[in-house]
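What follows is one structure encoded as structure tokens, with my remarks underneath.
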Amino acid sequence: MENKIIADIFNEIAELLSVDERPTSKFEVRAYQKAALTISTLQEPIEDVYAKGGLKALMELPGVGKSIAGHIEEYLKTHRIEKYDELKKKYPIDMAALTSIQGMGAKKAITLYRRLGIRNIDDLKKALSSHRIRKLEGFGEKSEEMIQKGLTLMESSGGRMLLGDALPVAEEIVRKLKESGLAKEAMVAGSARRMRETVGDIDILVISGKQKEVMDFFTALPSVDTVLVSGPTKTSVHLKMGLNCDLRVIEPESFGAAVQYFTGSRDHNIQVRTIAVNKGYKLNEYGLFDKKGVNIGGIKEEGIYEALGMQWMPPEMREARGEVKLAIKHKIPDLVKLKDLNGDLHTHTKETDGANTLEEMANEAMRLGHEYIATTNHTKSLYIARGMNDDQFVKYFKQVDKLNEKLKGKLTILKGAEVDILKDGSLDLRDSTLEYMDCVVGAIHSSFKLDKKEMTKRIIAALDSGLIHVLAHPTGREINERQAYEVDLEAVAETAARNKVALEINSFPNRLDLNDTNIMRVSGYNVLFSIDSDAHRTANLSFLRYGIGTARRGWLTKDRIINAKPLKELLKYLKK
DNA sequence: GCCGTTTTCGGCCCGACTGTTTTCAGTCG
């Protein structure tokens with residue numbers, strides 16, 4: 001997969017062109033950025049596109065014309081791009097690292113190179129400590145301070161944060177803004193509203209007649225670390241948790257447009273704006289304006305889409321993956337919702353690596369309105385989790401029976417396990433033990449490094465055993481921690497469909513596995529999904545909202561989710 | 001450099017904020 005490398009090169013070409021002495025149109029710069037965006041968000045490897053259709057296929061990608069297609073071809077053939085090499089020779093600086101500092105763009109970076117010979121972060125640190133930057137024309141004490149601050153910030157926080165960490169903080173801020181009485185309306189926008197698995201910063205929109213007071217209230221919140229930018233309509237702060245948070249005060253008549261605009265994604269907005277332009281309208285964060293300059297979008301987000309002849313769509317779909325076309329045809333699917341789920345098929349207790357007893361888990365499940373949960377503790381091979389053997393499971397299930405009796409059907413606890421799929425594809429418990437269970441979740445917890453062929457064979461063997469109901473976290477990735485193992489997901493999906501094994505959408509915030517793009521990859525196969533919390537303590541049972549967000553980002557409807565079935569139907573389904 | 005229900009030429013998103021500027025350039029989203 002060369003997509004990211006090529007996209008990075010194009011972005012760097014754009015930055016270098018923008019500062020080159022040879023006057024370059026800023027639109028040429030933008031053209032490279034646009035091509036980079038297209039390639040980095042491409043669903044399939046760019047080498048496949050080229051292999052299938054050559055230059056012509058490349059030129060069909062949005063923003064890729066004759067010249068850029070030529071560069072891609074050149075790279076795929078020689079692993080070099082002459083234009084890029086020439087620019088790098090002229091400007092031998094680590095542009096990507098330098099411009100990743102907040103407040104430093106290509107222009108400043110190149111000035112620092114020309115005047116002080118700064119090529120990379122190390123050079124920059126030296127220049128900062130000797131206070132050489134403040135003496136430069138166009139720079140000053142404040143600029144030097146800002147660069148220092150940006151550098152510290154970059155080194156302390158590591159970019160994007162898990163949705164599961166960011167969203168609760170964002171919602172807390174919104175709650176406080178509402179309670180303050182200073183904001184008539186307050187909501188989370190941006191990638192958090194779209195339920196992206198990671199969030200780069202938090203966007204909050206408010207309607208308020210008291211701009212200054214609401215900004216002051218915001219910057220004084222205990223979760224705020226430093227104030228980065230502060231104006232009458234926009235304030236940016238750095239939160240103690242490590243993320244930046246923007247608060248924008250919006251006029252009531254612009255609220256719908258602002259919500260649409262700041263929810264994004266950027267690519268989605270570009271597509272929507274194009275539709276507006278083609279109709280002779282103008283769309284920005286203040287409204288949808290007709291030729292006479294009248295705001296025809298109304299004050300609600302729905303009104304913007306409606307006035308453009310489009311159906312409103314859930315924020316989770318707004319990633320420029322074809323949702324705009326569907327909205328024009330009014331064919332937006334009715335995506336699965338949190339309240340559609342009737343239970344949770346992957347949970348742990350104290351018996352292995354959980355923190356709570358089965359009864360505590362059951363009580364919390366009831367509080368959440370579940371009709372059932374499966375208790376699925378680890379099996380013996382997973383030593384570190386104190387995995388249970390066959391005898392221990394038999395004993396444990398007596399305890400489950402007792403609790404089920406006590407619960408009198410208010411909640412049904414299904415007997416299960418999260419059984420290890422061993423290196424050779426065999427399962428970690430006896431067949432007879434597994435056959436006795438209501439719901440068996442199969443999972444890979446070892447030998448992640450098998451090659452793609454071996455790993456695929458291993459998982460398919462497990463699915464073909466006929467003993468598994470759910471394949472847990474099917475790719476094994478952990479966000480920012482562990483890469484997915486190599487596996488042929490299409491083959492796994494096909495086998496799963498044939499064996500009536502559901503693919504899990506694991507809702508644990510650092511897993512979200514399958515993720516949105518993988519869901520889309522496999523949903524063409526006739527496979528069903530299970531949205532589970534993988535809870536290790538009672539509080540984790542609420543993680544289902546992130547799994548739902550992920551399922552919605554993968555465009556799934558209720559009928560594809562096995563734990564959206566009521567208990568009776570589920571039990572019928574689980575009995576193969 | 002890309003692109004076309006206005007098109008093969010002439011557009012290409014644009015507003016907010018900051019610092020150092022004495023009227024605007026750079027950065028961000």
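Letters A, B, ... mirror the listed sequences (proteins, then strands); counts begin at 1. Keep in mind it's a predicted model, so treat the numbers as computed, not measured.
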*Checking all strands, does A:Lys279 fall into the base, sugar-phosphate, or nothing category for heavy-atom contacts under 4.0 angstrom?*
nothing
_Counting only side-chain nitrogens and oxygens, does A:Thr233 get under 4.0 Å of the OP1 or OP2 atom of B:dC17?_
yes
Would you be so kind as to tabulate the donor-acceptor pairs closer than 3.5 Å made by side chains of residues 241-258 of chain A, with sequence neighbours excluded?
{"unit_1": "A:Asn244", "atom_1": "OD1", "unit_2": "A:His238", "atom_2": "ND1", "d": "2.7"}
{"unit_1": "A:Asp246", "atom_1": "OD1", "unit_2": "A:Ser236", "atom_2": "OG", "d": "2.7"}
{"unit_1": "A:Ser254", "atom_1": "OG", "unit_2": "A:Tyr286", "atom_2": "O", "d": "2.8"}

*Just checking A:Val29: base, sugar-phosphate only, or nothing, at a heavy-atom cut-off of under 4.0 Å?*
nothing
_Under a 3.5 Å distance rule, please check whether A:Gln311 uses its side chain to pair with a backbone N or O of A:Ile332 as donor and acceptor._
yes
Report each atom pair, protein N/O against N/O of nucleotides 12-15 of chain B, whose distance is under 3.5 angstrom.
{"unit_1": "B:dC13", "atom_1": "OP1", "unit_2": "A:Arg30", "atom_2": "NH1", "d": "2.4"}
{"unit_1": "B:dG15", "atom_1": "O3'", "unit_2": "A:Tyr286", "atom_2": "OH", "d": "3.1"}

*With nearest nucleotides of DNA chain B determined for A:Gly103 and A:His71 from heavy-atom distances, which residue corresponds to the more 5′ nucleotide?*
A:His71
*Using a cut-off of 4.0 Å on non-hydrogen atoms, how would the nucleic acid contact of A:Ser236 be classed: base, sugar-phosphate, or nothing?*
nothing
*Across the strands shown, which category fits A:Leu228 at heavy-atom distances under 4.0 angstrom: base, sugar-phosphate, nothing?*
nothing
_Strictly below 4.0 Å: does A:Lys66 bring a side-chain N or O up to OP1 or OP2 of B:dC3?_
no
*asked:* With a 4.0 Å cut-off on N to O distance, would you call A:Lys142 and A:Glu145 a salt bridge?
replied: no
*What is the pairing partner of B:dC17, taking Watson-Crick or G-U wobble pairs with both distances under 3.5 Å in any strand?*
B:dG26
_At 4.0 Å (heavy atoms only), tell me whether A:Lys26 reaches a base, stays on the sugar-phosphate, or touches nothing._
nothing
N/O-N/O pairs, protein side and nucleotides 20-22 of chain B side, under 3.5 Å:
{"unit_1": "B:dT20", "atom_1": "OP1", "unit_2": "A:Gly140", "atom_2": "N", "d": "2.8"}
{"unit_1": "B:dT20", "atom_1": "OP1", "unit_2": "A:Ser143", "atom_2": "N", "d": "3.4"}
{"unit_1": "B:dT20", "atom_1": "OP1", "unit_2": "A:Ser143", "atom_2": "OG", "d": "3.0"}

_Quick check: on DNA chain B, is the nucleotide nearest A:Lys34 upstream (toward 5') of the one nearest A:Thr99, or the reverse? Name the residue that is more 5'._
A:Lys34
*Using a 4.0 Å heavy-atom cut-off across all strands, classify A:Leu136 as base, sugar-phosphate, or nothing.*
nothing
*Assign A:Met104 to base, sugar-phosphate, or nothing according to its heavy-atom contacts below 4.0 angstrom with the strands shown.*
sugar-phosphate
